[in-house]
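Beneath this line is the structure, given in structure tokens, with notes to follow.
Sequence positions, counted from 1, serve as the residue numbers for this chain.
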Amino acid sequence: MATAQFLALSSSSSASAAARPRACRAAPSRVCVAAAAAASSSGEPARRLAAEFDPAIPLACAVTPPSGWYIDPGFLRLELDRVFLRGWQAVGHIGQVKNPNDFFTGSLGNVEFVICRDANGKLQAFHNVCRHHASLLACGSGQKTCFQCPYHGWTYGLDGTLLKATRISGIKNFNKNDFGLLPIKVATWGPFVLARFDNSSQDTVGDVVGDEWLGSASDLLSRSGINTSLPHICRREYTIECNWKVFCDNYLDGGYHVPYAHGALASGLQLQSYETLTYERVSVQRCESAPAEQEDIDRLGTKATYAFVYPNFMINRYGPWMDTNLAVPLDATRCKVVFDYFLDESLLDDQDFINRSLKDSEQVQIEDIALCEGVQRGLESPAYGVGRYAPSVEMAMHHFHCLLHANLSG
């Protein structure tokens, strides 16, 4: 990961780093960070920390965000409020709610949600919390004709209506129509399910959602085959001991780390062809693949496209494959990354090819996890404050940090 390279650069570039205030650059331990966050619940320390990054400085002169962005629990709370709980967020794929009565659950910060398709085929989303005494209603995924609370049996339809409130004889001033599940806006773009947790009146029509979620990158991604509904092959989840942004930074370094960390992957790519495009809320990295042996089905195809949709969704389209990575913060120094794999229908019966491809992908993930966890440990050490960008390759990473700063400071 490119951030690892900053450790070597920081000593030779100390003069540039010193040009900016160095308060809150590093914390000696998680305990100290937690105590500092607990001392103030106002969010002001986190906003001051956000302000330590200056997006106006040109990339060639800029320093990266301070380490506190990656270790401070108060900063994560600010991110959840200003970044994740505003605007459209990727939460799943349409294969999870393909049929009436299908559902899946998830969480983001302290928001628990359930996405379902009701008996009429309408896509619905609700806070996954019983209106009686706050128990979670559903867990996992599958099919249900209703949601029955496991605590006291209150039962809701898949349209959110309260169908049954048990043992409430004698209750007064109660109208069950006022106690349905609280709705969440939900929409789709291509094969992806999106939700928004704020109170925006934004329309949920596909084109409108796509324009807001992807901006002017929408057409490019459509032409790259990213909005194609390929069959879903499998899901893999990884809990990683790093801040969610460490994983995103690793993805956004323009292939900087690939020849050093991913030897097998590097041999299948022409890294000199790497290019990066940035849009309003999206960055796209593209790279041509090395020629494959003629008798082999090429996992990478002729060109790979890696799209990052702010703040935490990654879409990778290569050869017959598409996979997505969703980085979900668990706490300030841990995240869960959800990988979903999709494949061209013509290859669904080629199990050997599928197994080989997934094995190759798993190797890359293992290598990346080791990198990200190593970077997180470095970020938590007193030796690191800020780093530098490699201007020729780390444009997408800088773009990501600027978008974060805009949300956190606005």
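- Taking CD of E367 as the start and NE2 of H257 as the end, the distance is 8.5 Å to the nearest 0.5 Å.
- Taking each heavy atom of C248 and F400 in turn, the nearest pair found is CB-CE2, 3.8 Å.
- Using modelled atom types, no side-chain atom of D72 and backbone atom of G68 make a donor-acceptor pair closer than 3.5 Å.
- Judged by distance alone, the side chain of S361 and the main-chain N or O of S357 form no donor-acceptor pair under 3.5 Å.
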_Evaluation steps, side chain to side chain contact (heavy atoms under 4.5 Å, CB included), between R196 and E212_ = CA-CA 12 Å; R196 63 181 308 157; E212 182 182 350; 3.0 Å; yes

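- Within the 3.5 Å criterion, the main-chain N or O of G378 finds a donor-acceptor partner in the side chain of S381.
- For the residue pair V91 and A195, the shortest heavy atom distance occurs at CG1-CB, 4.1 Å.
- Rounding to the nearest 0.5 Å gives a distance of 10.0 Å between NE2 of H398 and OG1 of T64.
- The shortest side-chain heavy-atom distance between M397 and S283 does not fall under the 4.5 Å cut-off.
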*Check step by step if side chain to side chain donor-acceptor pair (under 3.5 Å) holds for S216 and E280.*
CA-CA 7 Å; S216 58; E280 296 92 337; 2.9 Å; yes

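- Side-chain atoms of N243 come within 3.5 Å of backbone N or O of A332 as a donor-acceptor pair.
- Atoms CD and CZ, on E237 and F339 in that order, are 11.0 Å from each other to the nearest 0.5 Å.
- Using a 4.5 Å heavy-atom threshold, the side chains of Y156 and C130 count as touching.
- Across every non-hydrogen atom of P65 and Y389, the tightest pair is CD-OH, 3.5 Å.
- Atom CD of E345 is surrounded by 12 or fewer heavy atoms from other residues, nucleotides or ligands within 6.0 Å.
- With contacts defined as side-chain heavy-atom distances shorter than 4.5 Å, the pair T145/L158 does not qualify.
- Put simply, the side chain of Y70 reaches to within 4.5 Å of the side chain of D249, judged on heavy atoms.
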*Where do I354 and W321 land on the side chain to side chain contact (heavy atoms under 4.5 Å, CB included) test, with the steps shown first?*
CA-CA 10 Å; I354 292 173; W321 285 97; 4.2 Å; yes

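- Of the possible donor and acceptor atoms, none in the side chain of E380 sits under 3.5 Å from a partner among the backbone N and O of R377.
- Considering L78, L76, V83 in turn, L76 is the only one that fulfils the side chain to side chain contact (heavy atoms under 4.5 Å, CB included) rule with L80.
- In this structure the side chain of V309 reaches within 4.5 angstrom of the side chain of I315, judged on heavy atoms.
- Shortest non-hydrogen contact noted between C372 and I240 is CB-CG2, 4.4 Å.
- In this structure, a donor-acceptor pair under 3.5 Å is absent between the side chains of D54 and H405.
- Separating the SG atom in C242 from the CD atom in E373 is a distance of 6.5 Å, to the nearest 0.5 Å.
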*Report the C-alpha distance between F192 and W88 in whole Å, list the side-chain angles of each, state the deciding distance to 0.1 Å, and finish with yes or no for side chain to side chain contact (heavy atoms under 4.5 Å, CB included).*
CA-CA 11 Å; F192 309 123; W88 291 105; over 6 Å; no

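- Not one N or O on the side chain of R47 forms a donor-acceptor pair closer than 3.5 Å with the backbone of L408.
- Of the possible donor and acceptor atoms, none in the side chain of N128 sits under 3.5 Å from a partner among the backbone N and O of L136.
- Relative ring orientation between W154 and H132 is described as parallel, the plane-to-plane angle staying below 30° on a 0-90° scale split at 30° and 60°.
- Counting heavy atoms from C-beta on, the side chains of V284 and Y279 come closer than 4.5 Å.
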*Do K122 and N120 pass the side chain to side chain donor-acceptor pair (under 3.5 Å) test, and can you show the C-alpha distance, the side-chain angles, and the key distance before you say yes or no?*
CA-CA 6 Å; K122 183 179 179 181; N120 296 319; over 6 Å; no

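- Of the possible polar contacts, none joining the S392 side chain to the A390 backbone as a donor-acceptor pair under 3.5 Å is found.
- H152 has its side chain out of reach of I168: every pair of non-hydrogen atoms, C-beta onward, lies at least 4.5 Å apart.
- With hydrogens and angles ignored, the 3.5 Å screen pairs no side-chain donor or acceptor of D253 with any backbone N or O of V393.
- For the atom pair NE2 (H399) and CD (E394), the distance works out to 15.0 Å, reported to the nearest 0.5 Å.
- Q351 contributes no side-chain N or O that, together with a main-chain N or O of L348, makes up a donor-acceptor pair within less than 3.5 Å.
- From L277, atom CG reaches atom CZ of R286 across 5.0 Å, with rounding to the nearest 0.5 Å.
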*Mind running side chain to side chain donor-acceptor pair (under 3.5 Å) on D323 and N325 for me, showing each step along the way?*
CA-CA 7 Å; D323 71 68; N325 324 142; 3.1 Å; yes

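- Nearest heavy-atom pair across V97 and C116 is CG1-CA, 4.0 Å.
- Using a 4.5 Å heavy-atom cutoff, the side chains of E112 and T105 are not in contact.
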*Apply the test ring pair (Phe, Tyr, Trp, His ring centres under 6.0 Å) to residues F126 and F147: give CA-CA distance (whole Å), side-chain angles for both, the deciding distance (0.1 Å), then the verdict.*
CA-CA 11 Å; F126 304 99; F147 296 119; 7.6 Å; no

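- A salt bridge is defined here as a Lys NZ or Arg NE, NH1 or NH2 lying under 4.0 Å from an Asp or Glu carboxylate O, and K359 with E362 fails to meet this definition.
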*Show your working on side chain to side chain contact (heavy atoms under 4.5 Å, CB included) between W189 and I226 and close with a plain yes or no.*
CA-CA 10 Å; W189 186 88; I226 282 175; 4.1 Å; yes

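- Using modelled atom types and a 3.5 Å distance limit, the side chains of N316 and Y251 yield a donor-acceptor pair.
- For the pair L137 and P150, the tightest heavy-atom approach, listed with the atom from each and the gap, is O-CD, 3.8 Å.
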_Please evaluate residues W244 and F84 with respect to the criterion ring pair (Phe, Tyr, Trp, His ring centres under 6.0 Å), reporting the C-alpha separation (whole Å), side-chain torsions for both, the decisive distance (0.1 Å), and the verdict._
CA-CA 12 Å; W244 69 278; F84 287 102; 4.8 Å; yes

